[in-house]
Visitor: 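Before we start, here is the structure in question, set down as structure tokens.
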Amino acid sequence: MKIALDAMGGDFAPQAAVDGAVLAAQQLAGKAQIVLIGQEEAVRPLLTAHGAAAEGLTLVPASQIIEMGEHPAKAYQHKQDSSIAVGYRMLATREVEAFCSAGNTGAMLVGAMFSVKAVPGVLRPAIANFVPKLHGGTCIMLDVGANADCKPEMLEQFGELGSLYAQYVLGIERPKVGLMNLGEEEGKGTAATQAAHQLLKVNPHINFIGNIEGRDLFNEKADVIICDGFTGNVLLKMAESVYDALVDKNFRDPFFEQFNYESVGGSPILGVNGNAIIGHGVSTPKAICNMLLQGYQMATAGIADQIKATFKS
């Protein structure tokens with residue numbers, strides 16, 4: 001198995017990318033190979049500096065970089081030898097089983113749609129993230145940024161995509177699906193969430209438990225939380241700010257440590273024909289390592305194939 005990493009993506013690339021790849025390679029020894037994609041003159045000396053620890057890493061040259069501030073679609077179209085474009089081509093041709101990047105989020109989404117493409121039947125792929133539970137375990141929340149405005153049918157599909165991930169990657173046999181809303185009652189919410197509720201409650205492919213509220217985020221009510229990308233992104237950034245505030249107050253707790261983006265490493269794009277993960281722009285070596293480990297976990301579980309098989313039927 002080969003897991004690819006955009007070595008030029010992120011505020012601290014390529015140093016953080018290479019350091020994180022070395023950490024991941026040590027943990028995946030004998031299980032998977034890490035493939036770095038980037039400018040050889042920038043990456044090769046860093047690999048050399050790691051000596052024997054970097055011997056299992058492979059470097060695929062890519063002469064261009066899509067910068068954080070560039071227009072995603074234009075940059076992806078005009079920079080076909082960028083590390084992101086090369087990574088997606090390798091994912092599309094199955095030279096690698098997963099592709100990870102802490103680079104331009106928009107370009108990662110554009111690349112997913114134009115290269116590996118959406119699974120037939122999926123209206124809009126979603127970015128997912130993970131929510132720790134107070135008494136142990138993890139919940140998956142989607143969308144957290146790809147689709148700010150969502151039609152009811154999209155929210156329904158997010159329930160299916162999240163259920164498949166929870167089942168096959170997180171190992172939850174019958175995941176409970178909740179729709180994030182401003183009240184538990186069926187008639188609450190916007191026109192979109194009210195219509196989505198009606199679709200979800202009759203969907204035979206998911207275990208829908210109804211509406212949940214913001215106060216249910218960390219309890220045991222749901223294993224999959226459905227929301228539009230606007231709401232999900234606000235919740236995600238709020239959780240990150242809580243962690244930062246607690247660190248500033250010198251408060252440490254194992255539960256709140258899971259709010260640190262480094263602990264997960266990245267957010268998978270669900271609903272495309274391949275395993276793609278977007279990392280935080282400020283990713284550290286630890287975050288890069290965990291993103292690569294998540295890519296390995298997704299590839300091992302075959303989640304992309306499970307999604308294709310489900311929507312094909």
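Numbers here are sequence positions counted from 1.
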Visitor: Mark yes or no for whether Asn273, through its side chain, and Val116, through its backbone, hold a donor-acceptor pair below 3.5 Å.
Guide: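 Present.
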
Visitor: State plainly whether one hydrophobic cluster holds both Val177 and Ile303, where clusters connect Ile, Leu, Val, Met, Phe, Trp and Tyr through side-chain heavy atoms under 4.5 angstrom apart.
Guide: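 Val177 clusters together with Ile303.
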
Visitor: Does any part of the side chain of Leu109, heavy atoms only, come nearer than 4.5 Å to the side chain of Pro72, both counted from C-beta?
Guide: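 Side chain of Pro72 against side chain of Leu109, heavy atoms only: no contact under 4.5 Å found.
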
Visitor: Please check if the side chain of Glu55 supplies one atom and the backbone of Gly51 the other of a donor-acceptor pair under 3.5 Å.
Guide: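 Not confirmed, Glu55 side chain does not pair with Gly51 backbone.
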
Visitor: Are Leu59 and Met90 connected into the same hydrophobic cluster when the rule is that any two of I, L, V, M, F, W, Y join if their side-chain heavy atoms are below 4.5 Å apart?
Guide: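 They do not share one cluster, since no chain of ILVMFWY contacts under 4.5 Å joins Met90 to Leu59.
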
Visitor: Kindly compute the distance separating NZ (Lys201) from CG (Asn211), expressed to the nearest 0.5 Å.
Guide: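 It is 10.5 Å, given to the nearest 0.5 Å.
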
Visitor: Would you say the side-chain atoms of Tyr261 pair up with the backbone N or O of Val282, donor to acceptor, closer than 3.5 Å?
Guide: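 Answer holds: yes.
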
Visitor: Could you state the interatomic distance from CD (Glu156) to CG (Leu161), rounded to the nearest 0.5 Å?
Guide: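 Here the rounded value is 11.0 Å.
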
Visitor: Do the side chain of Gln27 and the main chain of Leu293 share a donor and acceptor less than 3.5 angstrom apart?
Guide: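 Not at all, since once roles are kept as given, no pair shorter than 3.5 Å links the two residues.
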
Visitor: Do you know the tightest heavy-atom contact between Ile66 and Ala75?
Guide: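 What the structure gives for the nearest pair is CG2-CB, 3.7 Å.
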
Visitor: State whether the side chain of Lys176 and the backbone N or O of Glu220 hold a donor-acceptor pair below 3.5 Å, judged by distance alone.
Guide: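 Yes, Lys176 side chain to Glu220 backbone: donor-acceptor pair under 3.5 Å.
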
Visitor: Do Lys2 and Glu97 have side-chain heavy atoms sitting under 4.5 Å apart?
Guide: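 Yes. Closest side-chain heavy atoms under 4.5 Å.
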
Visitor: What I want to find out is whether Lys188 reaches Glu213 closely enough, with some N-O distance under 4.0 Å, to be called a salt bridge.
Guide: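 The answer is no: the pair does not qualify as a salt bridge.
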
Visitor: Using 0.5 Å steps for rounding, measure from the CD atom of Gln39 to the OG atom of Ser63.
Guide: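 If we round to the nearest 0.5 Å, Gln39:CD and Ser63:OG are 7.0 Å apart.
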
Visitor: Taking Ser267 as the fixed residue, which of Asp143, Thr105, Asn129 is the one that meets the side-chain hydrogen bond (donor to acceptor under 3.5 Å, both in side chains) rule?
Guide: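 The side-chain hydrogen bond (donor to acceptor under 3.5 Å, both in side chains) with Ser267 is passed solely by Asn129 among Asp143, Thr105, Asn129.
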
Visitor: Please assess Lys151 against Leu123 for the test side chain to side chain contact (heavy atoms under 4.5 Å, CB included), listing each intermediate value before the final yes or no.
Guide: CA-CA 10 Å; Lys151 296 178 180 179; Leu123 297 172; over 6 Å; no

Visitor: Can you confirm whether Asp149 sits close enough to Phe230 that some side-chain heavy atom of one is under 4.5 Å from a side-chain heavy atom of the other?
Guide: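 Side-chain contact under 4.5 Å: no.
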
Visitor: Can you establish whether the number of heavy atoms outside Glu41 located under 6.0 Å from its atom CD is more than 12?
Guide: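 Buried by this count: over 12 neighbours within 6.0 Å.
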
Visitor: For side chain to side chain contact (heavy atoms under 4.5 Å, CB included), just list the numbers for Asp11 and Met68, CA-CA rounded to whole Å, side-chain angles, deciding distance to a tenth of an Å, and then say yes or no.
Guide: CA-CA 8 Å; Asp11 295 346; Met68 290 295 195; 3.9 Å; yes

Visitor: Just by modelled atom types, is the Ile212 backbone N or O under 3.5 Å from a matching donor or acceptor in the Asn181 side chain?
Guide: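 Flag not set: sc Asn181 to bb Ile212 has no pair under 3.5 Å.
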
Visitor: With a 4.5 Å cut-off on side-chain heavy-atom distances among I, L, V, M, F, W and Y, is there a chain of contacts connecting Val272 to Ile278?
Guide: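 As far as the 4.5 Å side-chain criterion goes, Ile278 and Val272 are connected within one cluster.
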
Visitor: Are Tyr296 and Val169 grouped together when hydrophobic residues (ILVMFWY) are joined by side-chain heavy atoms under 4.5 angstrom apart?
Guide: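 Same hydrophobic cluster.
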
Visitor: If we only count heavy atoms from C-beta on, is the Glu262 to His280 side-chain gap below 4.5 Å?
Guide: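 Glu262 does not reach His280 side chain to side chain.
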
Visitor: For residues 239-254, which residue pairs qualify under salt bridge (Lys or Arg N to Asp or Glu O under 4.0 Å), counting only residues two or more places apart or in two chains?
Guide: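 Listed once each, the pairs are Arg252-Glu257.
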
Visitor: Which atom pair, heavy atoms only, marks the closest approach of Leu5 to Ala21?
Guide: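 Here Leu5 and Ala21 meet closest at CD2-CB, 4.0 Å.
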
Visitor: Report the C-alpha distance between Phe158 and Val224 in whole Å, list the side-chain angles of each, state the deciding distance to 0.1 Å, and finish with yes or no for side chain to side chain contact (heavy atoms under 4.5 Å, CB included).
Guide: CA-CA 9 Å; Phe158 294 167; Val224 178; over 6 Å; no

Visitor: So how far is it from Thr300 OG1 to Met1 CE, rounded to the nearest 0.5 Å?
Guide: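 CE of Met1 is found 4.0 Å from OG1 of Thr300.
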
Visitor: Please determine whether the number of non-hydrogen atoms from other residues, nucleotides or ligands lying under 6.0 Å from atom CZ of Phe255 exceeds 12.
Guide: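 It does: Phe255 CZ has more than 12 such atoms within range.
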
Visitor: Could you walk me through whether Ile140 and Leu270 pass side chain to side chain contact (heavy atoms under 4.5 Å, CB included), step by step?
Guide: CA-CA 11 Å; Ile140 182 170; Leu270 298 182; 4.0 Å; yes

Visitor: Distance check, rounded to the nearest 0.5 Å: Leu155 atom CG versus Thr190 atom OG1?
Guide: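 Here the rounded value is 8.0 Å.
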
Visitor: Does any non-hydrogen side-chain atom of Ile226 lie less than 4.5 Å from one of Leu200?
Guide: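 Result yes, sub-4.5 Å side-chain heavy-atom pair found.
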
Visitor: Could you tell me which non-hydrogen atom of Pro175 sits nearest to which non-hydrogen atom of Gln167, and how far apart they are?
Guide: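 That would be CG-N, 4.3 Å.
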
Visitor: Does a donor on one side chain and an acceptor on the other come within less than 3.5 Å for Asn104 and Glu70?
Guide: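 Distance-only check fails for Asn104 and Glu70.
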
Visitor: Indicate yes or no: at least one non-hydrogen side-chain atom of Met180 is less than 4.5 angstrom from one of Leu217.
Guide: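 Met180 vs Leu217: side chains touch.
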
Visitor: Look at Asp228 together with Arg124 and state whether they make a salt bridge at an N to O cut-off of under 4.0 Å.
Guide: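 Here Asp228 does not pair with Arg124 in a salt bridge, since their nearest N and O are not under 4.0 Å apart.
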
Visitor: Of all heavy-atom pairs between Ala17 and Ala7, which one has the smallest distance, and what is that distance?
Guide: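 Shortest heavy-atom contact: CB-O, 3.5 Å.
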
Visitor: Mind checking side-chain hydrogen bond (donor to acceptor under 3.5 Å, both in side chains) for Lys74 and listing every partner two or more places apart, or none if nothing turns up?
Guide: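 Residues passing side-chain hydrogen bond (donor to acceptor under 3.5 Å, both in side chains) with Lys74: none at all.
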
Visitor: Please tell me whether Val22 and Val96 are part of a single hydrophobic cluster in this structure, the criterion being side-chain heavy atoms less than 4.5 Å apart.
Guide: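 No, no single cluster joins them.
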
Visitor: Report yes or no: do Asn233 and Lys237 form a side-chain donor-acceptor pair below 3.5 Å?
Guide: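 Per modelled atom types, Asn233 and Lys237 side chains form a pair under 3.5 Å.
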
Visitor: Can you sort out the partners of Gln77 under side chain to side chain contact (heavy atoms under 4.5 Å, CB included), two or more places apart, ordered by chain and number?
Guide: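 Counting only residues at least two positions away or on another chain, Gln77 forms no side chain to side chain contact (heavy atoms under 4.5 Å, CB included).
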
Visitor: Please report the shortest heavy-atom distance between Leu292 and Ala4, naming the atom on each side.
Guide: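 Leu292 and Ala4 have their closest heavy atoms at CD2-O, 4.2 Å.
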
Visitor: Could you report the tightest heavy-atom contact between Leu47 and Ala54, atom names first, then the distance?
Guide: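 Looking at all heavy atoms of both residues, the closest pair is O-CB, 3.5 Å.
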
Visitor: Please check this pair: side chain of Lys133 against backbone of Cys139, looking for a donor-acceptor N/O pair closer than 3.5 Å.
Guide: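 It does not hold such a pair.
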
Visitor: Would you compute the distance between atom OG of Ser115 and atom NZ of Lys117 and round it to the nearest 0.5 angstrom?
Guide: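 Output value for this atom pair is 6.5 Å.
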
Visitor: Would you mind reporting whether Asp19 and Phe12 have side-chain heavy atoms less than 4.5 Å apart?
Guide: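 A side-chain contact under 4.5 Å is absent here.
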
Visitor: Verify whether one side chain among Glu186 and Gln198 offers a donor that lies under 3.5 Å from an acceptor in the other.
Guide: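 Present: a donor and an acceptor within the cut-off.
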
Visitor: For the residue pair Phe130 and Gln258, establish whether any side-chain heavy-atom pair is separated by less than 4.5 Å.
Guide: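 No; the side chains remain at least 4.5 Å from each other.
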
